[in-house]
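Have a look at the structure below, then the notes.
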There are 2 protein chains.
Amino acid sequence: MARSSTRPTSRDVAHAAGVSQAAVSLVLGDKWRGRVSEPTAERVRQAARDLGYRPNLAARNLRLGRTRTVLLVVPALTTEFFAGVYTGAARVAAEHGFGVVLYPSPEGIGPARDPFASAQAALDGVIASSMAADALTDIRGDQLPLVMLDSDPAGSLGAATVNLDIADGVRQVTEHLLGLGHRRVLHLAADVPSWTFDIRARELAARMAAVPGTEVRTARAPISIDGARTATEAALTAPGPRPTAIVCDDDKLAAGAYKALRRLGLRIPDDISVTGLDDLALATAIDPELTTVRLDAELFGEHGMRALLAVLEGHSPDNGDIPVQLVVRGSTAPPPTP
Amino acid sequence: MARSSTRPTSRDVAHAAGVSQAAVSLVLGDKWRGRVSEPTAERVRQAARDLGYRPNLAARNLRLGRTRTVLLVVPALTTEFFAGVYTGAARVAAEHGFGVVLYPSPEGIGPARDPFASAQAALDGVIASSMAADALTDIRGDQLPLVMLDSDPAGSLGAATVNLDIADGVRQVTEHLLGLGHRRVLHLAADVPSWTFDIRARELAARMAAVPGTEVRTARAPISIDGARTATEAALTAPGPRPTAIVCDDDKLAAGAYKALRRLGLRIPDDISVTGLDDLALATAIDPELTTVRLDAELFGEHGMRALLAVLEGHSPDNGDIPVQLVVRGSTAPPPTP
DNA sequence: GCCTCCAAGTGTTACGTATAACTTCCCTCC
DNA sequence: GGAGGGAAGTTATACGTAACACTTGGAGGC
């Protein structure tokens, strides 16, 4: 049969179909109406099929000077949420003929390796989570179009930002707890420097401060179940009146709080209420099911991709935070009557 | 806002350093010892730094005819486990100057879109989970080197396979339960056609059949907490003697079983024991903590990558299943005395 | 003084593709 | 019967890089 070992090129297809390489490019690129006759086009397509021809992407990318490929930089840890982000981004990308390549910034210690060295695909642009901020310096070095997810609009050096309306989520949580009668709250905060966590603390403090006689204490923990358990135990065994509710920066922290409370013999929600943020699968796996804020990860990814496409086309993306929704489940109730 | 309209090329660097493009290529490619003097080399490096030069990967890939990039095809659903697989594979890849690109096969209905169209990077090889098997036909069409993860060695059409020793994990679970005195077991099976699940059923049945007076019933559920809850409730309210233990195909199914048992008013492990498989974060978030089989996802990824590198170099990879380890926690105990 | 050898480069080419510019042939219209 | 025009292609080129083959200017050997 044909020459083996090496992949067939468009020239091989051309030879097999008895036409020039240019004709093959026209036909397979779907730009042949009025330039190549239908029978000839069919002959080319048949030859391509017979040879199992696949265009060489490196060559195409070089020729076109663009790759229709975009990099999504995400933290390696919180995988469930960012799987949703990827799904949404990839869907929108596919609609526009783009591909998405993931760069999970390694969760080990130390700064992320250069994402461009690691994700060796040639790229048109980058979407980056602010939680993978250690990779950011590398990225800014390049002049690649960049969209930041959940990043401080003021501190993003001119990059476009797409944000979930976390502040509103925290507002909903706070109103919910205040409405139930809670006044002493423990804030179980993620021990990760990131704007998206800063904003939680700020909003919670502001909302609570607006009501007289309230108090917010803060405990910091790494984002892991064990870390959260330890921090919660320490906070609750400290002197002073016990909080009647724990507001957690995310669902994983809430799962850790559950374990601490169980150890301390406190019942949820009778003795103490707990809230999360994310609405992961975890939230309905634990008992009682967690009152939390649902973040629509896929919608987040879709908006991120759309923003990047806008930047690539020279428009400025339309901002506007993505709404989030409180989901009330069994982990919150009025505080115990003393 | 110096919109440098085009990215600098190696020719620009050459011009800035007063040398030829070839010299730039030699210096930056680290192949210059004895070919370029040290002062000149330093001038080139400085010019590259000044201009912010980054080699065009499309051009390099085209020239070299290889990309040092590998595709990892994973199912979009079970993200935590495959995050670990990615981490391990990426670590080994980096040691050999390779990059890894993820293709999470879309979890929607219908066959996966062509991964090569979607992950538009040019590729040297592919590692694919058998759980993303719907993408497999596309892959086999190409002649790309392929390594399958957790796939039937006999049915993989000659592709190399790397497998966890799931059979041994199930054996350990079964011995554990038999040792505690359990004789009637419910197998909560994943309703997903995949060799890795088939093997669980086969091994469980074989081990139980070796002991007289035992019985295995099977319930099938999609891999979701709600699906597992429904299936478990149905199985436990069916007529006949109630099983004293539930063996789940993975941890997520076990979480669903927990919810069903709580609804039915059955205590774990006093009334009924439960086991999982994976050892996700979920396993220690639920109460009581889950007895399960720890799969070392990172080690799995490392072995997969090593196997692919071997194939790329023309060797045949050394097979041998990856060991797994039973982790006994609070969800298993002797059956209740009647 | 001539040959050889080596260091330190330069000139050139090919990788596979997409497309602008050109050619050829044939048909139509005045 | 010549001008014009469209259909159906082909030829030629550039994208940015890596590497082979070649040049040049001395230093050293005999």
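Naming convention: chains lettered A, B, ... in sequence-line order (proteins, then strands); numbering from 1 in each chain.
Computed from coordinates, the A:Leu26 CG to C:dA21 C1' distance equals 13 Å when rounded to whole Å. Spacing between atom CG of B:Leu57 and atom P of D:dG16 amounts to 13 Å, rounded to whole angstrom units. The distance between atom CZ of A:Arg35 and atom C1' of C:dA20, rounded to the nearest whole Å, is 9 Å. Rounded to an integer number of Å, the gap from A:Asp12 CG to C:dT17 P is 9 Å. Atom NE2 in A:His15 sits roughly 13 Å away from atom P in D:dT10 (whole-Å rounding). Regarding A:Asn61, its CG atom lies at a distance of 20 Å from the P atom of D:dA14, rounded to whole Å. A straight line from CZ of B:Arg66 to P of D:dA18 spans 10 Å, rounded to a whole angstrom. Rounded to an integer number of Å, the gap from CD of B:Gln21 to P of C:dT10 is 11 Å.
Checking the phosphate oxygens (OP1, OP2) of D:dA18, a side-chain nitrogen or oxygen of B:Arg60 falls inside 4.0 Å. A close approach under 4.0 Å does occur between a side-chain nitrogen or oxygen of A:Ser37 and OP1 or OP2 of D:dG9. The side chain of A:Thr9 contributes no N or O atom lying less than 4.0 Å from OP1 or OP2 of C:dC15. The phosphate of D:dT17 has OP1 or OP2 within less than 4.0 Å of a side-chain N or O from B:Ser10.
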Verify side-chain contact (heavy atoms from CB on, under 4.5 Å) between B:Phe197 and B:Ile223, making sure each step is shown before the conclusion. CA-CA 12 Å; B:Phe197 293 120; B:Ile223 303 183; 3.8 Å; yes
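The 5' end of DNA chain D is approached more closely, in terms of each residue's nearest nucleotide, by A:Gly34 than by the other of A:Gly34 and B:Leu28. Take the nearest nucleotide of DNA chain C for A:Leu64 and for B:Leu62: the residue whose nucleotide is more 5' is B:Leu62. Remark on DNA chain C: of its neighbouring residues B:Arg43 and A:Pro55, the 5'-side contact belongs to B:Arg43, judged by nearest-heavy-atom nucleotide.
Using a 4.0 Å heavy-atom criterion, one finds that B:Val24 contacts no nucleic acid atom at all. Using a 4.0 Å heavy-atom distance criterion, B:Ser25 is classed as a base contact.
Side-chain atoms of A:Ala59 lie closest to C:dG16 of the nucleotides D:dG9, C:dG16, D:dT17. Closest to the B:Val19 side chain, of the nucleotides D:dG16, D:dG9, C:dT10, is C:dT10. Proximity note for B:Arg63 (side chain, C-beta onward) versus C:dT17, C:dG9, D:dG16: the nearest is D:dG16. For A:Ser20, counting side-chain heavy atoms from C-beta on, the closest listed nucleotide (D:dT10, D:dG16, C:dT10) is D:dT10.
When each of A:Val24, A:Val27, A:Val44 is checked for a side chain to side chain contact (heavy atoms under 4.5 Å, CB included) with A:Val36, only A:Val27 meets the rule.
Taking CZ of B:Arg33 as the reference point, atom CG of B:Leu26 lies at 11.0 Å (rounded to 0.5 Å).
Judged purely by distance below 3.5 Å, without hydrogens or angles, the side chains of A:Gln46 and A:Arg49 pair a donor atom with an acceptor atom. A side-chain N or O of A:Asp124 and one of A:Thr67 form a donor-acceptor pair less than 3.5 Å apart.
With respect to the salt-bridge test (charged N to carboxylate O, under 4.0 angstrom), the residues A:Glu38 and A:Arg45 qualify.
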